[in-house]
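Following: one structure in structure tokens, then a few remarks.
Sequence lines set the chain letters: A, B, ... in the order given, protein chains first and strands last, and positions in each chain run from 1.
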Amino acid sequence: MAQKPSIPKGTRDFSPVEVARRNYIISRIREQFERFGFQPIETPAMENTDTLMGKYGEEGDRLIFKVLNSGDFLSKADPALLDARDAGGLAPQISEKALRYDLTVPFARYVVMHQNEIEFPFKRYQVQPVWRADRPQRGRFREFYQCDADVVGASGLVQELEFVQLYDQAFHSLGLHGVTIKINHRKILSGIAEVIGAGEKLTEFTVALDKLDKIGREKVEQEMEGRGISRGSIERAAPLFELSGSPAEKLGALRTLLSESQVGLEGVAELEALFEQTHELGLSAAAVALDITLARGLNYYTGAIFEVAAPEGVQMGSIGGGGRYDDLTSIFGLKDMSGVGISFGLDRIYLVLEQLGLFPETLERSLDVFCVNFGDAEARAALRLVMQLRSRGLKADLYPSPAKLQKQFKYADKRGVPFVVSIGEEELKAGQFMVKDMRSGEQHQYALNAWTTFADRLQA
RNA sequence: GUGGUUGUAGCUCAGCUGGUUAGAGCGCUGGAUUGUGGUUCCAGAGGUCGCCGGUUCGAACCCGGUCUUCCACCCCA
């Protein structure tokens with residue numbers, strides 16, 4: 001009995017057009033990665049579970065796909081945990097592998113394992129799928145691609161500056177204008193928490209603050225209170241909600257607010273330099289903004305934090321994110337190795353480009369020339385022509401059987417082929433081929449031995 | 001993980017307070033058109049109504065469970 005096939009929740013098949021479009025995005029981003037001097041690496045889909053666990057916070061651990069051990073995995077499990085149905089305690093015993101959750105932690109692991117072969121500073125890029133056991137939504141999948149560029153072994157603000165440029169160039173190259181690179185700094189957030197007397201509650205403070213543009217000031221304050229931050233602290237944070245003006249003006253106000261905080265002032269100074277130099281270099285497709293509420297992925301960022309918002313009017317979560325993480329490799333035993341990196345969300349960029357109609361039409365063309373098959377002798381001549389056109393880099397094909405012309409032309413039409421070549425009995429006798437322009441319906445004859453004239457015309 | 005939502009032909013969807021053989025448009029196949037697609041006309045094929053169970057004389061329709069879709073929360077690319 002035939003079963004109805006399906007694929008796991010949150011995963012997708014990609015049709016030829018979709019693959020062409022995804023490859024287009026990837027190739028443009030990759031081109032920029034390489035222009036900026038990054039080198040590609042790849043890592044396995046699976047990592048050891050303990051490489052990943054504990055690196056993304058409690059929430060992250062929950063979203064990691066664990067791979068069940070092969071064989072009789074239950075025999076090795078602790079009977080007491082089994083009886084107690086303690087899934088949390090049992091998981092590490094029956095699953096020693098897990099699907100990668102992002103590309104940054106595997107990269108950190110890679111750096112530590114290959115530290116002796118790597119020339120530092122090491123700039124690598126990586127384009128691979130990652131998996132998260134999240135509930136799917138628009139632009140949120142359980143299997144999706146990240147395109148990451150990171151540099152380790154180099155401190156200094158030049159890196160952050162370069163990543164802003166890299167974002168800008170990549171989006172420019174995709175024709176995606178109007179994106180906003182939102183920037184914040186971990187040290188500023190720490191400093192704020194410190195001066196308002198909520199230093200212990202940094203995470204709670206930032207998680208609530210992150211929701212400001214979504215739920216408004218009042219509810220943010222309510223949530224902070226609910227998360228155990230004192231009334232007095234919340235009141236001292238009031239200036240945060242009144243920040244306005246240019247990044248420089250906002251940073252000026254923060255400087256006043258943070259005058260008592262050493263780290264806070266460091267953060268302010270870094271961002272002042274970053275915004276000033278970004279302004280000097282100029283941007284083509286993106287705008288930069290200081291967003292003090294930006295706090296995502298705070299678990300491992302220690303310096304600048306980036307997040308890219310789609311152009312206004314496009315409803316989509318962030319299409320990129322990144323930041324500086326000074327200590328990432330230390331959890332794997334390699335100290336004093338600072339890193340900065342950014343990530344492009346391929347699947348979301350796809351949805352944005354699609355919604356804005358920014359994909360080039362030529363991506364849909366899978367064939368430039370299609371030859372109708374009239375029978376053995378004619379097909380032989382057609383195949384020679386097809387091979388000649390292919391040698392010029394044109395996408396050319398011959399229908400595999402001498403089916404009815406109506407069927408063959410219909411096929412060409414459905415495939416969106418712009419030119420259809422006919423070599424029938426008459427053309428063969430005359431040493432010619434007939435080209436039909438499928439858009440205008442016009443037909444022209446060419447001599448078979450002058451096929452380059454036709455090829456030249458197509459490639460003009 | 002919490003709350004809600006969706007599922008009927010390949011696709012987009014109708015289908016009345018439960019009542020004979022579940023419909024439409026588009027698409028598909030064949031023909032009009034044995035050297036021509038996209039227009040037109042004619043004919044045809046195609047459905048375990050997501051799945052499992054329950055209520056009922058009778059279920060696409062009501063109830064429960066499950067899977068899936070989308071949405072909000074959590075979190076995030």
Side-chain angles (χ1 to χ4, degrees), chain A residues 1-12 25 29 56-64 87-88 100-104 127-148 167 203 206-208 210-211 214-215 219 223 294-299 306-310 315-322 341-352 370-375 378 399 402-428 433-443:
Chain A
M1 180 170 150
Q3 64 168 359
K4 212 174 197 173
S6 63
I7 54 175
K9 191 202 297 212
T11 65
R12 298 149 297 159
I25 297 173
I29 292 175
Y56 310 101
E58 207 176 308
E59 187 69 17
D61 284 354
R62 208 194 75 211
L63 298 177
I64 292 172
R100 83 165 91 76
Y101 176 88
D102 71 357
L103 301 178
T104 308
V127 178
Q128 289 191 278
V130 303
W131 294 269
R132 296 185 187 177
D134 213 348
R135 283 251 185 129
Q137 274 179 48
R138 175 176 163 77
R140 173 182 290 199
F141 308 98
R142 291 187 144 184
E143 177 184 62
F144 62 97
Y145 268 70
Q146 289 191 330
C147 313
D148 274 30
Y167 263 141
T203 307
T206 52
V207 164
D210 190 65
K211 297 176 185 168
K214 210 169 193 175
I215 62 177
K219 291 199 171 161
E223 180 154 345
L294 175 58
R296 296 179 190 189
L298 199 64
N299 279 315
F306 303 113
E307 184 168 303
V308 183
Q315 196 157 3
M316 181 59 62
S318 60
I319 57 176
I342 59 171
S343 179
F344 290 82
L346 168 65
D347 302 85
R348 288 186 176 178
I349 291 170
Y350 183 105
L351 292 170
V352 171
F370 173 77
C371 274
V372 174
N373 187 327
F374 280 84
E378 294 89 342
Y399 199 81
K404 292 177 76 167
L405 288 194
Q406 188 177 210
K407 191 179 168 79
Q408 299 194 49
F409 269 87
K410 204 162 187 169
Y411 175 81
D413 187 49
K414 287 281 156 62
R415 289 275 311 257
V417 185
F419 296 99
V420 173
V421 165
S422 298
I423 304 178
E425 201 180 340
E426 289 170 31
E427 285 84 1
L428 193 58
F433 61 100
M434 177 79 85
V435 177
K436 178 161 183 174
D437 179 332
M438 294 294 276
R439 231 171 279 190
S440 65
E442 286 171 22
Q443 303 202 107

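Listed candidates were rG35(B), rU36(B), rC71(B). Nearest to the side chain of Q137(A) is rC71(B). Distances were taken from every side-chain heavy atom of E59(A) (C-beta onward) to each of rC74(B), rU68(B), rU36(B); the shortest belongs to rC74(B). Of all nucleotides listed (rG1(B), rG37(B), rG35(B)), rG37(B) comes nearest to the side chain of M438(A). Out of rG27(B), rG35(B), rC74(B), the shortest distance to the side chain of K414(A) is found at rG27(B).
Using a 4.0 Å heavy-atom cutoff across all strands shown, V207(A) reaches sugar-phosphate atoms only and no base atom. Within the 4.0 angstrom heavy-atom criterion, base atoms lie near D134(A). Using a 4.0 Å heavy-atom distance criterion, G441(A) is classed as a base contact. At the heavy-atom level, E307(A) lies nowhere under 4.0 Å from the strands shown. Using a 4.0 Å heavy-atom cutoff across all strands shown, E427(A) reaches at least one base atom of the nucleic acid. Across all strands, G10(A) comes closer than 4.0 Å only to sugar-phosphate atoms, never to a base (heavy-atom distances). Looking at heavy-atom distances under 4.0 Å, S318(A) makes contact with sugar-phosphate atoms alone, never a base.
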Would you check, one step at a time, whether the test side chain to side chain contact (heavy atoms under 4.5 Å, CB included) holds for R132(A) with D102(A)? CA-CA 9 Å; R132(A) 296 185 187 177; D102(A) 71 357; 3.8 Å; yes

Could you go through V130(A) and F144(A), starting from their C-alpha distance and side-chain angles, then the distance that decides it, and tell me whether this counts as side chain to side chain contact (heavy atoms under 4.5 Å, CB included)? CA-CA 6 Å; V130(A) 303; F144(A) 62 97; 3.4 Å; yes

Would you please test F344(A) and Y167(A) for ring pair (Phe, Tyr, Trp, His ring centres under 6.0 Å) and show each step? CA-CA 8 Å; F344(A) 290 82; Y167(A) 263 141; 5.0 Å; yes

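Atom OH of residue Y350(A) and atom CD1 of residue I25(A) lie 7.5 Å apart, to the nearest 0.5 angstrom. To the nearest 0.5 Å, the span separating CG on L294(A) from CG on D210(A) amounts to 6.5 Å.
Stacking of Y411(A) onto the six-membered ring of rG37(B) is not present when judged by under 5.5 angstrom between centres and under 30° between planes.
The separation of rU2(B) from rC62(B), taken at their C1' atoms, amounts to 27 Å, rounded to a whole angstrom. Across rU12(B) and rU69(B), the matching P atoms stand 14 Å from one another, rounded to whole Å. rU68(B) sits 10 Å from rC51(B) when the C1' atoms are compared, rounded to a whole Å. Separation of the P atoms belonging to rG31(B) and rC71(B) is 45 Å when rounded to the nearest angstrom. Taking the C1' atom of each, rU56(B) and rU8(B) are spaced 22 Å apart, rounded to whole Å. Taking the C1' atom of each, rA22(B) and rA60(B) are spaced 8 Å apart, rounded to whole Å. Distance noted for atom C1' between rG15(B) and rC49(B): 11 Å (whole Å). Rounded to the nearest Å, the gap between the P atom of rG46(B) and that of rC41(B) is 24 Å.
Look at NZ on K219(A): it is 12 Å from C1' on rC73(B), rounded to the nearest Å. K407(A) has its NZ atom 9 Å from the C1' atom of rU29(B), to the nearest Å. One interatomic measurement links the two molecules: CZ of R12(A) to P of rU68(B), which rounds to 16 Å at whole-angstrom precision. The distance from atom CD1 of I215(A) to atom P of rA72(B) is 15 Å, rounded to the nearest whole Å. Whole-Å rounding puts the I64(A) CD1 to rG1(B) P distance at 15 Å. R132(A) has its CZ atom 17 Å from the P atom of rG1(B), to the nearest Å. One atom, NZ of K214(A), and another, C1' of rC73(B), lie 8 Å apart when rounded to the nearest Å. Between R138(A) atom CZ and rC75(B) atom P there is a gap of 22 Å when expressed in whole angstrom units.
Within the 4.5 Å cutoff, no side-chain heavy atoms of E58(A) are placed close to those of D61(A).
Nearest-nucleotide positions on RNA chain B place G424(A) closer to the 5' end than the other of G424(A) and F144(A). Comparing Y101(A) and T11(A) by the nucleotide of RNA chain B that holds the closest heavy atom to each, the one mapping nearer the 5' end is T11(A).
With sequence neighbours excluded, no residue forms a ring pair (Phe, Tyr, Trp, His ring centres under 6.0 Å) with F374(A). With sequence neighbours excluded, the residues that form a salt bridge (Lys or Arg N to Asp or Glu O under 4.0 Å) with E59(A) are R62(A).
Residue side chain E58(A) does not reach the base of rG1(B) through any donor-acceptor N/O pair under 3.5 Å, judged by distance alone. In terms of polar N and O atoms assigned as donor or acceptor, the side chain of D413(A) comes within less than 3.5 Å of the base of rG37(B) in a complementary pairing. A donor-acceptor contact under 3.5 Å is not formed by the side chain of R140(A) with the base of rC70(B). At a cut-off of 3.5 angstrom, counting only N and O atoms as typed in the model, there is no donor on one side facing an acceptor on the other between the side-chain of Q408(A) and the base of rU36(B). The base of rG38(B) does not come close enough to the side chain of K410(A) for any donor and acceptor atom to sit less than 3.5 Å apart. One donor-acceptor pair, N or O on each side, does fall under 3.5 Å between the base of rU36(B) and the side chain of K436(A).
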Encode nucleotides 3-10 of chain B as B, S and - characters from 5' to 3', where the letter depends on protein heavy atoms closer than 4.0 Å: B to the base, S only to sugar-phosphate, - to neither. B-------

Return the polar atom pairs (N/O with N/O) between nucleotides 31-34 of chain B and the protein under 3.5 Å, or none.
{"from": "rG31(B)", "atom 1": "OP1", "to": "K404(A)", "atom 2": "NZ", "distance (Å)": "3.1"}
{"from": "rG31(B)", "atom 1": "OP2", "to": "K404(A)", "atom 2": "NZ", "distance (Å)": "3.1"}

Dot-bracket for RNA chain B: what is it, with Watson-Crick or G-U pairs under 3.5 Å, [ ] where a pair crosses earlier ones, and | for a pair to another strand? ((((..(..((((.....[...)))).(((((.......))))).....(((((..]....))))))..))))....

Indicate every side-chain donor-acceptor pair of residues 409-419 of chain A with a distance under 3.5 Å to a residue at least two apart or in another chain.
{"from": "Y411(A)", "atom 1": "OH", "to": "R415(A)", "atom 2": "NH1", "distance (Å)": "2.8"}
{"from": "R415(A)", "atom 1": "NE", "to": "S366(A)", "atom 2": "OG", "distance (Å)": "3.3"}
{"from": "R415(A)", "atom 1": "NH2", "to": "S366(A)", "atom 2": "OG", "distance (Å)": "3.0"}

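A donor-acceptor pair is defined here as one N or O able to donate and one able to accept, closer than 3.5 Å; no such pair exists between the side chain of D347(A) and the backbone of R140(A). Within the 3.5 Å criterion, the main-chain N or O of Y399(A) finds a donor-acceptor partner in the side chain of N373(A). Not one N or O on the side chain of E143(A) forms a donor-acceptor pair closer than 3.5 Å with the backbone of R12(A). A donor-acceptor pair under 3.5 Å is formed between the side chain of R348(A) and the backbone N or O of G139(A).
In summary, of the residues considered (M438(A), K436(A), E442(A)), a side-chain contact (heavy atoms from CB on, under 4.5 Å) with S440(A) occurs for E442(A) alone.
Within 6.0 Å of the CD atom in Q443(A), the count of heavy atoms belonging to other residues, nucleotides or ligands exceeds 12.
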